[in-house]
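Here the structure is a predicted model, which means the values were calculated and not measured.
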Amino acid sequence: RRRVCGCQTAVRCPRPIAEVAHAILGPIAPARPPRAGRGGAPVSRFDFPTEAHAHLFLAGAVRDLLEREPQASAAVIANGPDVARAFHRLVADLPEARLSLDGRFTFRPGVDVTDVASVKGLEFDYVIVPDASLRAYPETDDARRRLHVAVTRAAHQLWIAAPGTPSPLLARLPVA
């Protein structure tokens, strides 16, 4: 079994996100949750019958966010590049929307549509996870780590969409 040494204080994430991230790790989480240095907005979870429903709702939410917060950095972090590409097609008409795969980030205000493999170590004001389904994030240690990476990229607010059957890793997160 691989031993992981983690930071005891959540610097990047506000308390609500740190708590959700710890719950996602479940049995592989450190015994004590990290101490979050600040409060913050609650994490929002939205369940949808299909991926199309989730993506249409989130595309509208991204448009609203960019209008309300034009200087914010946002990321839509999909489990893999295919979902990132599909979501990007819905917002590609926005000049602030960029498909950012393989580490190609501009770090300008707007929204980067990307995947988990591309964001480790990065930080965004807002993070949207568009595909927190059972298929994308089953109850495995690898899925726990991947979803943990996605949610802990948020420095301000986190939105999680679960199309179809929600991931069991979200069981402790209420639906908005």
Side-chain angles (χ1 to χ4, degrees), residues 12-13 16-17 20-21 24 41-140 142-170 173-176:
R12 174 185 302 120
C13 301
I17 296 170
V20 166
I24 285 169
V43 174
S44 297
R45 172 184 163 184
F46 305 94
D47 288 2
F48 297 93
T50 68
E51 187 176 87
H53 288 97
H55 286 192
L56 286 173
F57 171 82
L58 293 173
V62 165
R63 290 173 191 282
D64 291 344
L65 174 63
L66 293 175
E67 188 174 307
R68 247 187 5 263
E69 300 271 351
Q71 295 304 308
S73 67
V76 175
I77 304 174
N79 185 39
D82 291 342
V83 174
R85 285 185 191 96
F87 185 84
H88 181 260
R89 285 191 289 274
L90 295 175
V91 294
D93 62 310
L94 296 171
E96 306 90 350
R98 301 169 292 271
L99 182 61
S100 304
L101 298 171
D102 303 323
R104 298 183 189 129
F105 293 91
T106 64
F107 302 103
R108 293 189 330 256
V111 62
D112 288 291
V113 182
T114 187
D115 66 339
V116 173
S118 300
V119 297
K120 195 163 185 174
L122 299 180
E123 175 179 303
F124 303 90
D125 297 323
Y126 296 88
V127 166
I128 300 166
V129 176
D131 57 352
S133 67
L134 172 63
R135 186 171 47 100
Y137 295 101
E139 198 163 353
T140 66
D142 181 59
R144 288 179 186 284
R145 287 184 192 97
R146 292 175 60 77
L147 187 54
H148 182 268
V149 167
V151 303
T152 58
R153 303 306 93 199
H156 178 64
Q157 194 166 16
L158 172 65
W159 303 335
I160 300 175
T165 303
S167 169
L169 307 181
L170 303 177
L173 180 61
V175 179

Apply side chain to side chain contact (heavy atoms under 4.5 Å, CB included) to the pair E139 and R144, showing each step before the final yes or no.
CA-CA 7 Å; E139 198 163 353; R144 288 179 186 284; 3.3 Å; yes
Walk me through it: do F124 and V111 pass the test side chain to side chain contact (heavy atoms under 4.5 Å, CB included)?
CA-CA 9 Å; F124 303 90; V111 62; over 6 Å; no
Quick one: salt bridge (Lys or Arg N to Asp or Glu O under 4.0 Å) partners of D125, sequence neighbours excluded?
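Partners of D125 by the salt bridge (Lys or Arg N to Asp or Glu O under 4.0 Å) criterion come out as none, since no residue qualifies.
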With E69 via salt bridge (Lys or Arg N to Asp or Glu O under 4.0 Å) - residues at least two apart
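Partners of E69 under the salt bridge (Lys or Arg N to Asp or Glu O under 4.0 Å) test: none.
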For [X] against [Y], the heavy-atom pair lying closest together:
X    : Y    : result
P168 : L134 : CD-CD1, 3.5 Å
P163 : S133 : O-CB, 3.2 Å
H88  : A97  : NE2-O, 3.7 Å
A154 : C13  : O-SG, 3.6 Å

If we only count heavy atoms from C-beta on, is the V83 to E51 side-chain gap below 4.5 Å?
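Yes. Closest side-chain heavy atoms under 4.5 Å.
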Side chain proximity check, I128 to F87, heavy atoms < 4.5 angstrom:
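A side-chain contact is absent here, since even the closest heavy-atom pair is not under 4.5 Å.
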For [X], give me all partners under side-chain contact (heavy atoms from CB on, under 4.5 Å), at least two apart in sequence or on another chain.
X    : value
Q157 : A41, Y126, W159
P166 : R45, D47, A162
A21  : H148, V151, T152
P109 : Q71

Pairwise distance [atom1]([X]) to [atom2]([Y]) - rounded to 0.5 angstrom:
X    : Y    : atom1 : atom2 : answer
Y137 : I24  : OH    : CD1   : 9.0 Å
R145 : T140 : CZ    : OG1   : 8.5 Å
I160 : L173 : CD1   : CG    : 5.5 Å

Checking side-chain contact (heavy atoms from CB on, under 4.5 Å) against V129, which of V116, L158, V76, V43 comes through?
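Exactly one candidate clears the test, L158.
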Kindly state each residue pair satisfying side-chain hydrogen bond (donor to acceptor under 3.5 Å, both in side chains) with at least one member in residues 111-122, sequence neighbours excluded.
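Qualifying pairs, neighbours excluded: R98-D112, S100-D112, D115-S118.
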Expected list for residues 58-67: side-chain donor-acceptor pairs under 3.5 angstrom, two or more places apart:
| residue | atom | partner | partner atom | Å |
| --- | --- | --- | --- | --- |
| R63 | NH1 | D93 | OD2 | 3.3 |
| R63 | NH2 | L90 | O | 2.9 |
| R63 | NH2 | D93 | OD1 | 2.7 |

Backbone N or O of L122 within a donor-acceptor pair of the R153 side chain at under 3.5 Å?
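It does hold such a pair.
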Which pairs, with at least one residue in residues 71-84 and sequence neighbours excluded, count as a salt bridge (charged side-chain N to carboxylate O under 4.0 Å, His left out)?
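Sorted result for residues 71-84: D82-R85.
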